[in-house]
Every structure is written in C-alpha cells, then in structure tokens.
*Asks:* 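Structure incoming, see below.
Every value quoted in this text rests on a predicted model; they were computed, and no experiment measured them. Side-chain atoms are counted along with the backbone in the values below, which use heavy atoms only and exclude waters and symmetry mates. Whatever order the structure lists ligands and atoms in, that order sets their numbers, starting from 1. Nothing fancy with the numbering, it's 1 onward along the sequence.
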Amino acid sequence: MNYISHSLEGWSGVSCNTCGSDNQASFNGEVAIHFPGLEGLDKPIVWVFPQILVCVKCGASQFAIPIDELSVLRSQSGLSEVA
Ligand SMILES: [Zn+2]
C-alpha cells in the first residue's frame, strides 16, 4: 500500500493536478467528514485537521487523512484496504 505522506513536504514544487499551475499554497484545515445517506446519521462524524494544499488558480485542493481516521472511514463504509 502506498500511503500519501501526511505532511506537505513532498508536495512542495508539485504542479496542480487539475490545471497544472504552480501557484499552490498550504493552509491548516479542519474537516468534518460525514457518511452519506440516512444510514450516515447513525455513523460517527470523522474529524481531521490536515494541512490542505490549495491551488489558488482553480481551487483544486488535496489533503491526506491520517491512518486512524482512515481506518474509521474504511470500517464504517464496509470497505477493506485495497492492495
Ligand atoms: Zn489548479
């Protein structure tokens, strides 16, 4: 399994995957992840506080979910880790 780095160190100097711009900046994020549908109301809200890399040209953004929170998303979705 190739996990995404949870810091943005490896992402500096990388062009935007969507528009190719080099104009990206990192911000401190606070994200509440909700499970979809009515059944999602019975599942936990997963909070993550990632660094978010934002393309200031087109708005495309990316961040990595820490492994513990990723495990919750996986198990509550009934999904297993993909090799
Ligand atoms: Zn972009």
*Asks:* If hydrophobic clusters are built from ILVMFWY residues whose side chains come within less than 4.5 Å, do Leu73 and Phe49 share one?
*Replies:* no

*Asks:* According to a hydrophobic-cluster definition based on side-chain heavy atoms being under 4.5 Å apart (Ile, Leu, Val, Met, Phe, Trp, Tyr only), do Leu79 and Ile65 belong together?
*Replies:*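 Not linked; separate clusters.
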
*Asks:* What verdict does the side-chain contact (heavy atoms from CB on, under 4.5 Å) test give for Phe63 and Leu53, after you've listed the backbone C-alpha separation in whole Å, the side-chain angles of each residue and the deciding distance to 0.1 Å?
*Replies:* CA-CA 6 Å; Phe63 63 91; Leu53 186 64; over 6 Å; no

*Asks:* Around the Zn ion (ligand 1), list the protein N/O/S atoms within a radius below 2.8 Å, excluding water molecules.
*Replies:* Cys16 SG, Cys19 SG, Cys55 SG, Cys58 SG

*Asks:* Can Ile52 be reached from Trp47 by stepping across I, L, V, M, F, W or Y side chains whose heavy atoms are under 4.5 Å apart?
*Replies:*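 Per the 4.5 Å side-chain linkage, Trp47 and Ile52 are not co-clustered.
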
*Asks:* Check which hydrophobic residues are tied to Leu38 through side-chain heavy-atom contacts below 4.5 Å, counting indirect links as well, and list them.
*Replies:*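 Listed partners: Leu41.
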
*Asks:* How long is the gap from CD on Gln24 to OG on Ser61, to the nearest 0.5 Å?
*Replies:*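 Going from the CD atom of Gln24 to the OG atom of Ser61 covers 8.5 Å.
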
